[in-house]
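Throughout, protein chains are lettered first and strands after them, A, B, ... in sequence-line order, and every chain is numbered starting at 1.
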There are 2 protein chains.
Amino acid sequence: MKIILDYNSPLPLYAQIEEQIRQAIQTPEYKNGKKIPNEVSLSKQLGISRSTLRQAINKLVFEGLLIRKKGVGTVAANKAVNFKLNNWLSFTQEMKMLGIEVKNYELHVQWEKPNEELCQFFNTTSGARILKLERLRGKPEHPFVFFISYFNPRIGLTGNEDYSRPLYDILEKDFNTIVKLSKEEITAVIADEFLADKLQIKIGDPILKRKRFVFDPGSRPVEWNIGYYRADSFVYTIEAER
Amino acid sequence: MKIILDYNSPLPLYAQIEEQIRQAIQTPEYKNGKKIPNEVSLSKQLGISRSTLRQAINKLVFEGLLIRKKGVGTVAANKAVNFKLNNWLSFTQEMKMLGIEVKNYELHVQWEKPNEELCQFFNTTSGARILKLERLRGKPEHPFVFFISYFNPRIGLTGNEDYSRPLYDILEKDFNTIVKLSKEEITAVIADEFLADKLQIKIGDPILKRKRFVFDPGSRPVEWNIGYYRADSFVYTIEAER
DNA sequence: TATGTATATATGTCTATACATATTGAAATA
DNA sequence: TATTTCAATATGTATAGACATATATACATA
């Protein structure tokens with residue numbers, strides 16, 4: 001990895017390094033999994049302090065371009081995502097942050113035979129039923145999101161839990177299951193008869209669909225979740241600087 | 001601001017501080033604009049190094065919960081967003097990152113009278129026409145996104161620029177305009193006759209709508225942009241750990 | 001061969017400090 | 001009064017270093 005520092009540049013050192021690493025990891029060797037040089041030797045090689053180098057790497061890790069592992073090293077992320085975050089919130093937390101008051105309209109708890117996608121996700125067979133949770137939530141005025149969640153049977157959920165409690169609290173306190181990683185896909189769909197009825201909109205109206213896969217610290221699947229949001233009642237906002 | 005450190009906790013100091021600041025800034029006083037204590041005094045007060053404190057604050061700044069200003073101080077962000085990033089990409093860059101090959105199908109350059117929203121955004125009157133750029137782009141097989149962009153007249157774009165070049169390159173090199181901040185809103189709409197025709201889908205099909213406001217380093221508006229993406233050809237992905 | 005222990009490797013956390021520089025407010029000057 | 005200058009304030013950048021700890025590998029032993 002070739003990094004050149006220009007001490008006359010108005011750009012701080014860490015910014016120069018960050019940009020050059022960003023370019024370097026686009027090459028096939030790093031895309032194929034090669035580790036970037038370790039922090040101690042790279043900082044020596046560049047003649048800078050390790051803290052300065054870490055500042056550059058920190059940012060690329062925040063952006064999801066690099067994956068760091070303690071004791072192992074740092075590699076380019078192999079799965080391109082629009083972006084990667086270092087925190088994620090449950091629905092309730094997210095609405096609280098956005099200042100949106102939430103009312104619960106419906107809750108359905110049942111057991112269902114998993115389809116092919118769910119079997120693959122949870123690595124189960126279609127024989128045993130798995131827990132399915134459906135919720136209709138919204139503002140005091142009207143519902144605006146319909147959730148469908150399925151849970152990994154290995155967690156041990158019975159269906160008798162108190163679902164007025166925060167879900168991830170239940171998982172953590174009652175089932176020793178901590179959630180860590182969330183992978184989310186956002187796309188658009190149109191309301192069929194079922195969703196139109198739940199969300200009190202017209203058939204054919206636009207819906208923002210957010211699909212989320214939740215994993216525990218060992219990367220084992222915990223939850224598969226879809227949220228169907230009324231497009232007129234929820235907008236996803238992102239702010240970014242460069 | 002009351003922060004308590006537990007030296008017996010498995011959580012690193014910066015993580016404890018981060019969480020407590022996260023809670024503290026939800027109170028009305030900080031929501032009303034009060035500055036958090038400055039780094040030097042707060043680190044002294046907590047009996048920790050300033051670098052450790054900065055690590056906690058860095059993360060909250062990354063997440064968009066705090067806004068730091070050199071020489072001034074640090075306040076809670078007053079506009080909640082789903083999240084905040086420290087980098088953003090042009091469409092071309094984004095597709096390259098996602099490994100999607102892009103083909104340009106159509107380009108339209110024209111001047112239009114701005115509606116109320118555009119007048120407010122660019123702080124202009126509806127008298128003078130502003131530059132409107134429309135592009136149809138997609139994969140080699142079919143188009144999947146239709147873009148509409150309007151530009152701030154103060155930039156000086158003539159409409160005669162070579163739009164095969166990267167747009168932000170043109171702005172930077174020919175007009176000394178650097179883009180820095182992007183605010184984006186994602187939502188869902190359904191295809192009307194126009195978009196259905198452009199994107200080669202059926203009227204009423206779902207579309208992922210991404211609206212972007214672009215600003216320069218002085219927070220002056222540069223571009224107002226909407227991208228209409230075929231829902232079946234583009235999914236927005238996010239990965240997050242906690 | 002499988003398991004346990006020791007060692008090497010690499011990132012994670014934290015300390016302490018120095019100097020640079022943007023911003024703001026106060027004081028001086030025209 | 002308006003403008004300029006200067007000092008105080010607060011974050012930004014960078015250095016140097018120490019120790020902790022997760023991971024991988026090598027070696028010893030059953």
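Between A/Phe213 and A/Trp224, the ring planes are perpendicular. Angles over 60° get that label, and only those under 30° would be called parallel. A tilted orientation is assigned to the rings of A/Phe91 and A/Tyr229, their planes being inclined by 30° to 60°.
At the heavy-atom level, B/Lys69 lies under 4.0 Å from the strands shown only through sugar-phosphate atoms.
Distance from the side chain of B/Ile48 is smallest for C/dT15 among the nucleotides C/dT11, C/dC14, C/dT15. Of all nucleotides listed (D/dT11, D/dG17, D/dA14), D/dA14 comes nearest to the side chain of A/Tyr14. Comparing D/dA22, D/dT15, C/dT15 against the side chain of A/Lys70 picks out D/dA22 as the nearest. Between D/dG17, C/dA16, C/dT13, one nucleotide has an atom nearer to the side chain of A/Ser51 than all others, and that is D/dG17. Closest to the side chain of B/Val72, out of C/dT23, D/dT11, D/dT23, is C/dT23. Of all nucleotides listed (D/dT11, C/dG12, D/dA14), D/dA14 comes nearest to the side chain of A/Leu13. Set against D/dT15, C/dT11, C/dT15, the side chain of B/Thr52 has C/dT15 as its closest nucleotide. Taking every side-chain heavy atom of B/Glu39 into account, D/dT11 is the closest of D/dT11, D/dT23, C/dT15.
Between B/Tyr7 and A/Arg50, the residue whose closest nucleotide on DNA chain C is further toward the 5' end is A/Arg50.
Using N1 to N3 plus N6-O4 or O6-N4 for Watson-Crick, or N1-O2 and O6-N3 for G-U wobble, each under 3.5 Å, D/dA24 pairs with C/dT7.
Atom CG in B/Asn58 sits about 13 Å away from atom P in C/dT13, given to the nearest Å. Here the C1' atom of nucleotide D/dA14 and the CG atom of A/Asp6 are 16 Å apart, to the nearest Å. What separates CZ of B/Phe62 from P of D/dG12 is a distance of 11 Å, to the nearest Å. Atom CG of A/Leu53 and atom P of D/dT13 are 15 Å apart (whole Å). A/Leu5 has its CG atom 12 Å from the C1' atom of D/dA14, to the nearest Å. Spacing between atom NZ of B/Lys59 and atom C1' of C/dT13 amounts to 14 Å, rounded to whole angstrom units. Remark: C1' of D/dA16 and CG of A/Leu46 are 16 Å apart, rounded to the nearest angstrom. The distance from atom CD1 of A/Ile57 to atom P of D/dT13 is 17 Å, rounded to the nearest whole Å.
Side chains of B/Met95 and B/Val145 form no contact here, defined as non-hydrogen atoms less than 4.5 Å apart.
Proximity of a side-chain donor or acceptor of A/Gln20 to a complementary backbone N or O of A/Ile4 within less than 3.5 Å is detected. Although no hydrogens or angles enter the test, the distance criterion places a donor-acceptor pair under 3.5 Å between the side chain of A/Asn152 and the main chain of A/Pro221. The backbone N or O of A/Val72 sits less than 3.5 Å from a side-chain atom of A/Lys35, completing a donor-acceptor pair.
Not one side-chain nitrogen or oxygen of A/Arg68 sits closer than 4.0 Å to the OP1 or OP2 atom of C/dA10. Distances shorter than 4.0 Å separate none of the side-chain N or O atoms of B/Arg54 from OP1 or OP2 on D/dT11.
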